[in-house]
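Keep in mind the model is a prediction, meaning the values are calculated, not measured. Each chain gets a letter, A, B and so on, in the order the sequences are listed, and its residues count up from 1.
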Amino acid sequence: MEENRRLPENARNFSLKLIREGLKPRSLTRDVVWGIPAPFPGAQGKTIYVWMEAVLGYISATIEYFRLKGEEEKWRDYWFDGARIVFFIGKDNIPFHTIILPALLMASGEGYELPWTVSSTEFLMFEGKKFSKSQRVGIWIDEALKMFPVDYWRYTLLSIRPEVRDTNFTWEIFLEKVNSDLNDTVGNFIHRALTFLCRHFNCQVPSPPALDSYDRKMLEEVEEAKEAFNRILGQMRIQQAVQAVADLARKANKYFNDKEPWKTVSRRRDEAAATLNVSLQTVAALSILLEPLIPGTAEAIRRSLNLSLQEALKGVSEGLKIGRPQPLFRKISREETGVKPEKGEKEVGEATPEDLEKLGLKVAKIVEVEAVPRAKKLYRIRLDLGGGMVKQTVAGLKEHYKPEELLGKLVVVVSNMKPAELMGLRSEVMLLAAVEEGKAAILTPEKPVKPGSRVY
RNA sequence: CGCGGGGUGGGGUAGCCAGGUUAACCCGCGGGGCUCAUAACCCCGAGAGCCGUGGUUCAAAUCCACGCCCCGCUACCA
């Protein structure tokens, strides 16, 4: 790890520190019901900690993949003999990929290849907030794909990939990337070049009688862009790779503008022919550079060029007849983005009185509050549910209330919860609270009622 | 509490590890040009001195120290 300069700053320093401080014993089972049952003596009823087995899923998945293809042994090519294994993860998963997985691989003694690099990013946020499934912060993948083509999402997300710091997805940014970068810069260049070719050269790539210095410079730009792209992508700097492509399209637009083929085509047709030939070479290059970023679009470009990926790599040869160009992208409007989380809530379905019944909402009185040891946010709270029934809950209220503020309060609880365990403590009911922007307010009856009273 | 990452024009991102021309790029904004193209494209300009304080150095956004704030890890948000 010390020698591996490929590791991003966050993964490298964090992991090295852990090791230098000395690795501590770590339990590899959990008291959760779901998961793989632990087959060890004395671990009855426990399951294996996900990260201990999930990382091995990378290998299982490779094996499975090739088994289904009928190439039983092929998976070995990917895990032995100098294979370069790259992981793409968020910062919260660093130790599992830099320490636990390598440790497991080494412990097997079978010579598995260790991770070549772990491309760990910071976090992506959504409109300034953390993504949250339970609070429906974010966009669900099925909704996303119904709204816009997958390449719009890929392009935007790659261009704001949190490679150095936490980064923020906003609809504003989405509009900017799709409309300005994809549509206006990349899409429009390709479209103007192709339509011009069809209109004035019968959709056929002309041979360039002579290239002037500007033509040659543009071709050099294309080569440089390819090299830079290669280098940057090899360093997993995907964000910069996206930029490199957009930059090439900008240079191409400038080139096209400066050359003014719409003027030269009538008087100096040869010059226009050179311009168009060079432009088409650039379009082909774009289809290659876009392949790893937005493959659907890259493919679409090649379809209209009538080229395969292999052919596009070699460039566009004169005489090539292209298809009728179609715009690759379209602009999207603010209205189309809408804000969807509300819609998500509806999907839960309409509630019936029976559903409410099922929750067993009751008023309870807080009779005991105590901080859970070693926990930052948790209180263990005992509640009087009336009729002599006292139940316990573990609630994340420590950052919002002091114990004395809670003691004696009447609150609303879900009394029919399936018990769960947190920090080794049993939690039997759930205490209701309103949550807003990270602040919490517990629900309490407006006038005193007896503990155990039903809530409808 | 400890440890790791980060705080850069109005918005979004690079640069920092290997200090050094007028701090880069995109969007937005102001002005101009073009008219082939999806009112798209191109050019010019205004706008930050890089969280704060101190230090090292001929020279710091870049290195060091301290402080403030954000994010992550640590069996935790019922």
| field | Quiz item: Asn257(A) side-chain donor-acceptor pair to rC41(B) base, under 3.5 Å | value | yes

| request: Would you mind classifying the nucleic acid contact of Arg380(A) as base, sugar-phosphate or nothing, using non-hydrogen atoms under 4.0 angstrom? | output: nothing

Quick test: give all pairs of protein nitrogen or oxygen and nucleotides 23-32 of chain B nitrogen or oxygen below 3.5 Å, distance rounded to 0.1 Å.
{"unit_1": "rC25(B)", "atom_1": "O2'", "unit_2": "Gln243(A)", "atom_2": "NE2", "d": "3.3"}
{"unit_1": "rC27(B)", "atom_1": "O4'", "unit_2": "Glu176(A)", "atom_2": "OE2", "d": "3.2"}

| said: For a quick check of understanding: with a heavy-atom distance under 4.0 Å over all strands, which category does Pro261(A) fall into, base, sugar-phosphate or nothing? | reply: nothing

| Which part of the nucleic acid, if any, lies within contact of Leu328(A), taking any heavy atom under 4.0 Å across all strands shown: a base, the sugar-phosphate backbone alone, or nothing? | base

| Under 4.0 angstrom, heavy atoms only, what part of the nucleic acid is Lys91(A) near: base, sugar-phosphate, or nothing? | base

| field | Cationic N near anionic O, under 4.0 Å, Arg250(A) to Asp184(A) | value | no

| Where the side chain of Ser304(A) meets the backbone of Ile301(A), is there a donor-acceptor pair that is under 3.5 Å apart? | yes

| field | Distance below 4.0 Å between Arg165(A) side-chain N/O and rC69(B) OP1 or OP2 | value | no

| Where each residue is assigned the nucleotide of RNA chain B containing its nearest heavy atom, which of Glu260(A) and Glu163(A) is assigned the position nearer the 5′ end? | Glu163(A)

| Touch check for Phe189(A), heavy atoms < 4.0 angstrom, all strands: base, sugar-phosphate only, or nothing? | nothing

| query | rC36(B) base stacked by Trp262(A)? Criteria: ring centres under 5.5 Å, plane angle under 30°. | reply | yes

| field | Closest approach of Trp171(A) to Phe126(A) (non-hydrogen atoms, all atoms of both residues) | value | NE1-CZ, 4.1 Å

| OP1 or OP2 of rG11(B) less than 4.0 angstrom from a side-chain nitrogen or oxygen of Thr170(A), does that happen here? | no

| said: Say we look at rG32(B) and rC51(B): how far apart would their C1' atoms be, to the nearest angstrom? | reply: 39 Å

| Under 4.0 Å between a side-chain N or O of Lys130(A) and OP1 or OP2 of rG72(B)? | yes

| said: Rounding to an integer number of angstrom, what distance separates rG2(B) and rC25(B) when you compare their P atoms? | reply: 42 Å

| said: Taking the basic N atoms (NZ, or NE/NH1/NH2) and the acidic carboxylate oxygens, is any pair closer than 4.0 Å for Lys254(A) and Asp258(A)? | reply: yes

| remark: Scanning all shown strands, the Watson-Crick or wobble mate of rG2(B) with both distances under 3.5 Å is rC73(B)

| said: Whether Arg6(A) engages the ring of Trp116(A) as a cation-pi pair (distance to the six-membered ring centre under 6.0 angstrom, angle to the ring normal within 45°) should be assessed. | reply: yes

| message | Tell me which nucleotide, if any, is Watson-Crick or G-U wobble paired with rA24(B) when both distances must be under 3.5 Å. | response | rU13(B)

| said: So Arg199(A), base contact, sugar-phosphate only, or nothing? Heavy-atom distance under 4.0 Å. | reply: sugar-phosphate

| request: Report the residues that fulfil ring pair (Phe, Tyr, Trp, His ring centres under 6.0 Å) with His200(A), sequence neighbours left out, ordered by chain and then residue number. | output: Phe196(A)

| task | Select base, sugar-phosphate, or nothing to describe what Gln240(A) touches, counting heavy atoms under 4.0 Å on all strands. | result | sugar-phosphate

| said: Is the ring pair Phe174(A)/Phe169(A) parallel, tilted or perpendicular, if the boundaries are 30 and 60 degrees? | reply: tilted

| Quick one: do Asp166(A) and Lys91(A) make a salt bridge, cutoff under 4.0 Å? | yes

| query | Using a cut-off of 4.0 Å on non-hydrogen atoms, how would the nucleic acid contact of Ser15(A) be classed: base, sugar-phosphate, or nothing? | reply | nothing

| task | Between rC66(B) and rG49(B), how far apart are the C1' atoms? Round to whole Å, please. | result | 23 Å

| note | Closest to the 5' end of RNA chain B, once Ser159(A) and Asn183(A) are matched to their nearest nucleotides, is Ser159(A)

| In terms of side-chain geometry, is the basic nitrogen of Lys251(A) or Glu221(A) positioned less than 4.0 Å from the acidic oxygen of its partner? | yes

| task | Could you give the distance separating rA24(B) and rC69(B) at their P atoms, to the nearest angstrom? | result | 32 Å

| request: Confirm from the modelled atom types if Asn188(A) and rU38(B) form a donor-acceptor pair under 3.5 Å, side chain to base only. | output: no

| query | According to the Watson-Crick and G-U wobble definitions, with both distances under 3.5 Å, which nucleotide is paired to rA65(B)? | reply | rU53(B)

| Checking all strands, does Glu172(A) fall into the base, sugar-phosphate, or nothing category for heavy-atom contacts under 4.0 angstrom? | nothing

